[in-house]
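In each ligand, atom 1 is the first atom listed, and ligand 1 is the first ligand listed. The figures that follow rest on heavy atoms only: side chains count, while hydrogens, waters and symmetry mates do not.
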Amino acid sequence: MKSQDVRKQFLDFFKSNGHLIVPSAPIVLKDDPTLMFNNSGMAQFKEYFLGNGTPKSKRIADTQKCLRVSGKHNDLEDVGFDTYHHTMFEMLGNWSFGDYFKKEAINWAWQLLTEVYKIPKENLYVSVFEGSKEDNVPFDQEAWDIWKTLIDEDRIILGNKKDNFWEMGDQGPCGPCSEIHVDLRSDEEKALVSGKSLVNNDHPQVVEIWNNVFMEFNRKADGSLEKLPAQHVDTGMGFERLCMALQGKTSNYDTDVFTPLIEKVEQITGLKYTPNDVTLSGVEESEEQNKTNIAIRVVVDHVRAVAFAIADGQLPSNTGAGYVIRRILRRAIRYGFTFLNTKEPFINKLVEVLANQMGEFFPEIKSQQQLVTNVIREEEASFLRTLDQGLQLLDNVIAQTKGSEVSGAKAFELYDTFGFPKDLTALILKEKGMSLNEAEFDASMQEQKNRSRAASEVSTEDWSVLIPGNVETFVGYDKTENDVKITRIRKVDSKKDGILYQIVLDNTPFYPEGGGQVGDKGTLVSANETIEIIDTKKENNLILHFAKQLPENIEAGFVAKVNADLRGSTSKNHSATHLMHLALRNLLGTHVEQKGSLVNPNYLRFDFSHFSKVSDDELRQVEANVNAQIEAQLQLVEHRNIPIKEALDKGAMALFGEKYGDNVRMIEFGESKELCGGIHVKNTAEIWYFKIISEGAVAAGIRRIEAITGDAVKDFYQNQENTLSEIKETLKNPQDILKSVASLQDDNVKLKKQIEQLLKERVNALKTELEKDFQEVNGVNFLAKQVDLSMASTKDLASALGSSKPDSFVFLASIEDGLPNIHCYIAKELVAGKSLNANAVIKELGKYIEGNGGGQPFFASGKGKNATGITETLVHAVDFVK
Ligand code: SER
């Protein structure tokens, strides 16, 4: 059965049992600060389990793109080494939100596996929660009794809290679960060892395929459990593992989910991958082939995670989710570099295969194939350059190493600042007959982890609920002030922000950060006190108002007042973003799509797909177009709640990686139509004027424009005018400034030429003079001197002197701007014959001037902080030839 059909049959089965089929949510989560990526099918439904929202249907099923690479569920370092873990995988799931419970869930799971997919019953085992004294949760008798009607009792296994109590994080909804495991071993093996004994024992052919979670608890901050208001079902089946079972394979990588990607890697690298059946049949593999297999698995797994994350709008970057994506891609690049011998970008070439294979079900990968390919190619090229640079630096480290063991702290520095991986360092050292002090490396790594963990420590208290059962309403599209009551509060203590209180109101005019627009600031005012609201954010469908202190009387009535000035400026920037988006598409083409946006009171930042620099002329045209839309005084047309289909039919722009409901809000200004939840001006005339202040690249194929509107434009021009006046004054108020600047530039060029000439003469004169001072030491023509020249000229002089004599060793020092610099030239024949190394000389003598530097074995330079150390360097230079 082809993987496409496996997926379809799952969805059809649950559809026929009354489930609504919904699309996968984007991989990257928005509106949930506790989770970076969707790590399970249920993540997008968390708010329903918590009672903060109502689902479209009480029964839902889907396939969800998941990533388990950070936080509580992290498989990254295992991937490649086994045959059944992945960074990205699809999770097939069915849910009941307060509707059916254990009986239906278990019976359907069994029916689907054994009757629809026809997995032989004797290959299946199930597990049931044995109970936990610590949590005061009893053995799951109900699940046991249901399973007993379907399967022999000796195929039911009791499982502990680790395996059979599912929690998505340290806090939140959780419950006992029943897992279904499949035994894919050969009959001979089954006869030798019972499958039952291998369940949950990391056996690659006895694996869990489906988890049925019975959500009935909420884990609180103090670790205790409370009953959820209703009982839910949350199931998750590993799609790739199911395909393995149904396609008669023993490795996920041998299913048609991965084989087309593997074939492409084989074609690019000329290497061969060993299917798992061959390995299992007892064919002995060389160590090298084993490594090739691991590396190929790493590459074909990681490209999926990275490609889908980019398609869902998450570009690789240096922070947060973007950094996780970058790390995954780099892991793939270095496995390729080390074990597949790929020194050129190649992972990007797999995107086409992936798009052909999965594009039908996940159109986002097909329609953004080019962009995804470009971004990956650029990342690859840049990391390969880093690896190259790292190799050179590693050479320096080796040159400085006495003995055969390289310091772990030094190798960690390479890893930390250049991303040069530990395993690569270890491998290169091994090839050179050296070793790495791994314990020291690991200790440095641990220290750093501890530091960053301490910095990101957050403790979140449970909510104290003042008004239960209230669903907070947002009134901020119509009002900036409203009468409110506090419904719940919570204290959050973090290293980063200190103690903050999160306040939820019965209704609120405060816009929570979202869609690129920052959260509102303002005040809560009662008869007796005023509380500052410093930010507003959304979490699991609740709007949280952040304050540094709580009101004394939290039960009082308040007026919630949004800071209307800030919001006014923000809304101008937001509306201008829409106008610019349209202007860019009209001018550059419809390949322009929003890839990121920030809208705050000061400016707007807009990232979009476009393959080349936007020229100055094009930028002026965009500005002119937006300003024309402003001058046209276009009235805001807001459709607050229209069916998504209708909005799209009207031509509204939707974004990849954004989760839309059935009904959406559409914002129209003339021709500009976007799905958007943000705050806008009522008429484009309010924007006053639009001015682009910068344009640049963010990643391959992604440009960024920053622009300002309203008062910020006035300030901008005022500043320009002030600067111009200052320039005029500095130039002594000439009639024509441009002419006067041009003549200054001319003078500058002439003077530079003269100086260069003079310097050359000086260097030549010094050369002639110093040539007399060479001494013969141990057959080496040795010279060490301090000279009175700039750093650049000293360097030239060292070279010139060095090449004037055979077997020369020249060491020169000088002081520029109060700081010492040193240079060492060693004749090539000495480098080869006597193993002298200019790098090592600079490193060693650099200590006296508190400096460092480097270069090539035959010429190196350094800079320092302590000029008084020059004398010592001159004294000790001779040690090298002695
Ligand atoms: N949430 C459960 C899991 O991820 C079932 O979907 O295993």
Side-chain angles (χ1 to χ4, degrees), residues 7 10-11 13-14 19 21-22 24-25 27 29 32 34-50 55 59-76 78 84-102 104-106 108-110 112-113 125-129 140 143 159-182 199-200 207-219 225 228 231-242 252 305 540:
R7 196 190 280 121
F10 178 89
L11 298 175
F13 177 83
F14 281 102
H19 289 67
I21 309 301
V22 302
S24 169
I27 280 195
L29 276 169
D32 187 352
T34 61
L35 206 59
M36 242 181 221
F37 301 103
N38 254 309
N39 65 357
S40 57
M42 62 84 79
Q44 67 160 319
F45 305 120
K46 218 167 103 183
E47 64 193 64
Y48 306 142
F49 296 120
L50 288 167
R59 297 179 182 188
I60 287 183
D62 72 6
T63 180
Q64 171 66 46
K65 296 171 280 184
C66 297
L67 263 189
R68 290 200 168 170
V69 288
S70 61
K72 192 176 172 84
H73 298 276
N74 187 349
D75 295 331
L76 182 59
D78 289 333
Y84 58 103
H85 275 101
H86 301 291
T87 51
M88 180 192 130
F89 62 98
E90 278 180 63
M91 191 182 270
L92 303 165
N94 57 291
W95 287 274
S96 150
F97 303 108
D99 188 38
Y100 62 83
F101 205 44
K102 296 180 189 177
E104 293 84 346
I106 291 176
W108 279 330
W110 193 247
L112 178 63
L113 291 181
Y125 294 89
V126 304
S127 65
V128 166
F129 184 46
D140 193 349
N160 60 18
K161 192 168 150 183
K162 177 179 148 278
D163 292 319
N164 281 78
F165 194 88
W166 203 83
E167 315 201 32
M168 75 171 291
D170 294 333
Q171 277 158 263
C174 54
C177 58
S178 241
E179 295 176 343
I180 305 173
H181 297 253
V182 64
V199 167
N200 279 333
V207 291
E208 175 202 341
I209 47 171
W210 202 345
N211 190 10
N212 277 246
V213 185
F214 311 117
M215 292 278 179
E216 23 182 354
F217 301 107
N218 180 36
R219 173 84 62 195
L225 295 176
L228 288 172
Q231 293 174 323
H232 315 284
V233 171
D234 153 36
T235 91
M237 173 145 63
F239 169 69
E240 296 76 10
R241 291 183 185 181
L242 178 64
N252 289 358
N540 293 318

In terms of residue, atom name and distance, what is the protein heavy atom nearest to atom 6 (O) of ligand 1? Asp234 OD1, 2.8 Å

Using atom types as modelled and distance alone, determine if a side-chain donor or acceptor of Gln64 lies under 3.5 Å from a backbone N or O of Ala25. yes

Any N/O pair Met42/ligand 1 closer than 3.5 Å: no

For Ser178 and Asn212, does a side-chain donor sit closer than 3.5 Å to a side-chain acceptor? no

Answer yes or no: is there a side-chain heavy-atom contact under 4.5 Å between Phe49 and Phe97? yes

If you count the atoms of ligand 1 from 1 in the order shown, which ones are under 4.0 Å from a heavy atom of Val213? 2 (C), 5 (C)

Geometric cation-pi criterion, Arg7 with Phe239: 6.0 Å, 45°: yes

Enumerated ligand 1 atoms positioned under 4.0 Å from heavy atoms of Thr235: 5 (C), 6 (O)

Tell me which protein heavy atom sits closest to atom 7 (O) of ligand 1, plus the residue, atom name and distance to 0.1 Å. Asn211 ND2, 3.1 Å

Ligand 1 atoms in contact with Ser40 (distance to a heavy atom under 4.0 Å): 4 (O)

Tell me which part of Glu179 gets within contact of ligand 1: side chain, backbone, both or neither, using heavy atoms under 4.0 Å. neither

Measure Asn39 to ligand 1 on non-hydrogen atoms and call it side chain, backbone, both or neither using the 4.0 Å cut-off. neither

Closer than 4.0 angstrom: is that true for some heavy atom of Arg68 and an atom of ligand 1? yes

So do the side chains of Glu90 and Met237 get within less than 4.5 Å of each other, counting heavy atoms only? no

Quick check: does any side chain N or O of Arg59 sit under 3.5 Å from a backbone N or O of Asp99, one acting as donor and the other as acceptor? no

Would you say the side chain of Phe214 lies within less than 4.5 Å of the side chain of Ile106, judging by non-hydrogen atoms? yes

With heavy-atom distances below 4.0 Å as the criterion, list the atoms of ligand 1 near Gly236. 5 (C), 6 (O)

